[in-house]
Amino acid sequence: MLKQHLQFKLSQKLSPQQIQLMKLIQLPTQAFEQRVKQELEENPALDSGKESLDTDFDSDFDNSNDEYNDSETIGNDEINVDEYLSDDEIPDYRMQANNYSSDDEEKSMPYAAGTSFTQHLINQLNTYRLDEEEREIAEFLVGSVDESGYIRRSLSDIMDDLAFTQNVYTSEEKINKVLKIVHQLDPAGVGARNLQECLSIQLHRKDKTPDTELAIDIIDNAFEQFTKKHYKKLLQKFDVTELQLKDAIHEIEHLNPKPGGSYAGNNRIVEHVVPDFAIKIVDGELELTLNGRNAPELHVSRGYNDMLKGYKESKEKSKSQKDAVIFIKQKLDAAKWFIEAIKQRQQTLFVTMSAIMHYQEEYFLTGDERNLKPMILKDIADEINMDVSTVSRVANSKYVDTPYGTKLIKEFFSEAMKNDQGEDVSTREIKKILETVIEEENKKKPLTDENLASILKDKGYPIARRTVAKYREQLDIPVARLRKKI
């Protein structure tokens, strides 16, 4: 007996264009420009700028036919060219993604010039009189300097590495002697093995004054008391006045704890934030614009379309022509997909940021962070009927230029907490108040987390001490003892 079954299977499969779109949305402006440049290089069917006739494609097509001398023909119905040529009746502007304003600046990603940090240090070694062994040790030590300017390895480990990798058999005493030479290199403090040594090296380079001599004494002989801000113990230990101690600490606070970080010529990309959006206040109303660099002028190559026309009009179609047309169609598909993905990216970015702007309208009109409403990704996703992951891709990597500075969009999101009136308030608002209270505290007697919780409660925010501690840490504010000043 024959049985027939009708089965429906529901499955969701992302198209290549959807995957491409999600990746594009995540890219900030500069990375997006690089992605467009890469696509232009990889796909000859995609053109940028004003549309022009590209005869090079025609000549390449003709040359490819010369490789085949077969007379094999194929039928007209094997490749449906019309579905690609039907776009001929569509105006050119419909095939372009063009939203580049005439007053948008052309900017390129800047790079730091010069030699590497290691080479910078090695060049300085050339000014010292060193024997062959000392030079090998010195160069090895310089090569061990990390990005912050420190050598975070023990002398015994360095001695072993010199023996195993450089065939240099030496002693810890000899390495220590050469290390003293490395400590003379610029920037001051480079080659130190810890913060204490780094600060000490810098202080010994300074002109000798009562302040620097006391600072040296503190760093070399009372570093632990200094880091823990036990000022009373320091006053007793060195038998100095409060003013003298304050001046010495002032000297220390102006030293560089990361000497390597101050060297600009390390061939790294210099990070410059390019805002993806701009919000302006015009006649009391908010106005949102998308950076024109997110909307490059792109179109499908006229030359590639002409090739398909030539194929359609030819009476006899050889195998070589068929292979070429298959290649052309693939490239045209990719070009059209990319242009469409860019248009959808522009629309998604604009719609998402517009929803965020209107949700936080009070903040954008005033600049007062206390006016930031509680807002989570789902709030915006529901507003624009998109997935939470899409909103996340926009918020996590994009910046907006506001009248109050350039901000990372995800900073506008925060959870809600109840105040003593039972109203929802943003945790961002509470953090701002906490930050203000700490800024205005008496630095000789900083407020403990218990004190801060009490003050916030008086202001209408009943928050537990542990929650205050969590917010304080998120704001990168140290505990009361470490905020103490003499």
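Owing to the predicted nature of the structure, the values given are computational and were not obtained by experimental measurement. One-based numbering along the sequence shown.
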Student: Of the options Arg472, Lys470, Arg466, which is the one that meets Asp449 in a side-chain hydrogen bond (donor to acceptor under 3.5 Å, both in side chains)?
Tutor: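 Exactly one candidate clears the test, Arg472.
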Student: Supply the atom-to-atom distance Glu435 CD to Leu475 CG, rounded to the nearest 0.5 angstrom.
Tutor: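 It is 5.0 Å, given to the nearest 0.5 Å.
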Student: Just checking, Arg293 and Phe32: is the charged tip under 6.0 Å from the six-membered ring centre and within 45° of the axis?
Tutor: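 Arg293 over Phe32 ring: no.
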Student: Please check if the side chain of Lys398 supplies one atom and the backbone of Ile25 the other of a donor-acceptor pair under 3.5 Å.
Tutor: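 Judged by distance alone, yes, a pair lies under 3.5 Å.
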Student: So that I can tick it off, tell me whether Arg35 and Glu39 are bridged by a salt bridge, with the cut-off set at under 4.0 angstrom between side-chain N and carboxylate O.
Tutor: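 Salt bridge: yes.
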Student: Over all heavy atoms of both residues, which pair between Asn294 and Gln346 is shortest? Give the atoms and the distance, please.
Tutor: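 Asn294 and Gln346 have their closest heavy atoms at O-CG, 3.6 Å.
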Student: Does this structure show an ion pair linking Asp401 with Lys280, if we count only N-O contacts that are shorter than 4.0 Å?
Tutor: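 Not counted as a salt bridge, because no side-chain N and carboxylate O are separated by less than 4.0 Å.
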Student: Looking only at heavy atoms, what is the nearest atom pair of Pro403 and Ile279, with distance?
Tutor: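 The answer is CD-O, 3.4 Å.
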Student: Are Glu42 and Gln38 linked by a side-chain donor-acceptor pair shorter than 3.5 Å?
Tutor: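 Side-chain D/A pair, Glu42 to Gln38: present.
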Student: Could you tell me which non-hydrogen atom of Leu288 sits nearest to which non-hydrogen atom of Met353, and how far apart they are?
Tutor: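 Nearest pair, atom of Leu288 first, then Met353: CD1-CG, 3.7 Å.
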Student: Do NZ/NE/NH1/NH2 and the carboxylate oxygens of Glu441 and Arg483 come within less than 4.0 Å?
Tutor: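 Arg483 and Glu441: salt-bridged.
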Student: Given side chains that start at C-beta, do those of Thr390 and Asp387 come closer than 4.5 Å, heavy atoms only?
Tutor: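 Heavy-atom side-chain distance check passes, below 4.5 Å.
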Student: Distance check, rounded to the nearest 0.5 Å: Cys198 atom SG versus His183 atom NE2?
Tutor: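 The distance works out to 9.0 Å.
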Student: Does a side-chain N-to-carboxylate-O contact under 4.0 Å join Asp186 and Arg205?
Tutor: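 Salt bridge: yes.
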Student: Show the nearest heavy-atom pair for residues Leu195 and Pro257, with the distance to one decimal.
Tutor: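 It is CD1-CB, 3.9 Å.
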Student: Looking at Leu40, Val36, Leu332, which one forms a side chain to side chain contact (heavy atoms under 4.5 Å, CB included) with Leu46?
Tutor: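 That would be Leu40.
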Student: Which pair of heavy atoms, one from Gly284 and one from Leu365, lies closest together, and at what distance?
Tutor: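 Gly284 and Leu365 have their closest heavy atoms at O-CD2, 3.7 Å.
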Student: Could you grab the distance from atom CD of Glu361 to atom CD of Glu285, nearest 0.5 Å is fine?
Tutor: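 Spacing of CD (Glu361) from CD (Glu285) equals 7.0 Å.
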Student: Rounded to the nearest 0.5 Å, what separation is found between the CD1 atom of Ile151 and the CZ atom of Phe140?
Tutor: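 Atom-to-atom, Ile151:CD1 and Phe140:CZ are 10.0 Å apart.
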Student: Can a side-chain donor-acceptor contact be found between Asn451 and Thr448 if the only test is distance below 3.5 angstrom?
Tutor: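 The criterion, which ignores hydrogens and geometry beyond distance, is satisfied for Asn451 and Thr448.
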Student: Below 4.5 Å, heavy atoms only, C-beta onward: do Phe350 and Thr289 meet side chain to side chain?
Tutor: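 Side chain of Phe350 against side chain of Thr289, heavy atoms only: no contact under 4.5 Å found.
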Student: Please examine the side chains of Val274 and Asn291, heavy atoms only from C-beta on, and report whether any two atoms are closer than 4.5 Å.
Tutor: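 Result yes, sub-4.5 Å side-chain heavy-atom pair found.
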Student: Distance from Leu456 atom CG to Ile463 atom CD1, nearest 0.5 Å?
Tutor: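 Answer rounded to 0.5 Å: 5.0 Å.
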Student: Measure the spacing between CD1 of Ile342 and CG of Leu21 and express it to the nearest 0.5 Å.
Tutor: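 Rounded to the nearest 0.5 Å, the CD1-CG separation comes to 10.5 Å.
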Student: Could you work out, with ring-ring contact (aromatic ring centres under 6.0 Å, His included) as the rule, every residue matching Phe364, not counting sequence neighbours?
Tutor: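 Here the qualifying residues are Phe412.
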Student: Is the number of heavy atoms from other residues, nucleotides or ligands under 6.0 Å of Asn126 CG greater than 12?
Tutor: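 Enclosed: over 12 neighbouring heavy atoms sit under 6.0 Å from CG of Asn126.
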Student: Stepwise, does the side-chain contact (heavy atoms from CB on, under 4.5 Å) test hold for Leu408 with Asn396?
Tutor: CA-CA 8 Å; Leu408 183 61; Asn396 286 334; over 6 Å; no
Student: Hey, mind stepping through Phe338 and Leu298 against side-chain contact (heavy atoms from CB on, under 4.5 Å) and telling me if it holds?
Tutor: CA-CA 9 Å; Phe338 192 71; Leu298 298 175; 4.0 Å; yes
Student: If we only count heavy atoms from C-beta on, is the Phe327 to Lys331 side-chain gap below 4.5 Å?
Tutor: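 Counting from C-beta outward, Phe327 and Lys331 do come under 4.5 Å.
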Student: Strictly distance-based, threshold 3.5 Å: is any side-chain N or O of Thr436 a donor or acceptor partner for the main-chain N or O of Lys432?
Tutor: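 It does hold such a pair.
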Student: Could you check whether atom NZ of Lys431 has more than 12 heavy atoms from other residues, nucleotides or ligands sitting under 6.0 Å from it?
Tutor: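 Enclosed.
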Student: More than 12 heavy atoms of other residues, nucleotides or ligands under 6.0 Å from CZ of Arg465: yes or no?
Tutor: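 Count not over threshold, so no.
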Student: Under the side-chain contact (heavy atoms from CB on, under 4.5 Å) rule, what do Gln344 and Glu340 come out as? Steps first, then yes or no, please.
Tutor: CA-CA 6 Å; Gln344 289 186 39; Glu340 187 58 35; 3.6 Å; yes
Student: Please determine whether a side-chain nitrogen of the Lys or Arg among Lys407 and Glu411 lies less than 4.0 Å from a carboxylate oxygen of the Asp or Glu.
Tutor: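 No, Lys407 and Glu411 are not salt-bridged.
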Student: Any chance you could lay out the side-chain contact (heavy atoms from CB on, under 4.5 Å) test for Val400 and Ile356, step after step, and finish with the verdict?
Tutor: CA-CA 11 Å; Val400 57; Ile356 293 170; over 6 Å; no
Student: Please report the shortest heavy-atom distance between Arg153 and Ser144, naming the atom on each side.
Tutor: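 Taking Arg153 first and Ser144 second, the nearest heavy atoms are NH1-OG, 3.9 Å.
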Student: Within the 4.5 Å heavy-atom criterion, are Tyr471 and Ile430 side-chain neighbours or not?
Tutor: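 They are in side-chain contact.
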Student: Spell out, as yes or no, whether a donor-acceptor pair under 3.5 Å connects the side chain of Thr352 to the backbone of Thr348.
Tutor: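 Yes; at least one donor-acceptor contact below 3.5 Å.
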Student: Extract all donor-acceptor atom pairs below 3.5 Å that involve side chains of residues 371-383 and protein atoms in other chains or at least two apart in sequence.
Tutor:
residue: Asn371; atom: ND2; partner: Thr366; partner atom: OG1; Å: 2.9
residue: Lys378; atom: NZ; partner: Asp382; partner atom: OD2; Å: 2.9
residue: Asp379; atom: OD2; partner: Ile376; partner atom: N; Å: 3.0

Student: Who pairs with Phe413 by ring-ring contact (aromatic ring centres under 6.0 Å, His included), at least two apart in sequence or on another chain?
Tutor: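 Phe413: no ring-ring contact (aromatic ring centres under 6.0 Å, His included) contacts found.
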Student: Does the Thr406 side chain pair with the main chain of Thr402, one donor and one acceptor, at a distance under 3.5 Å?
Tutor: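 Not at all, since once roles are kept as given, no pair shorter than 3.5 Å links the two residues.
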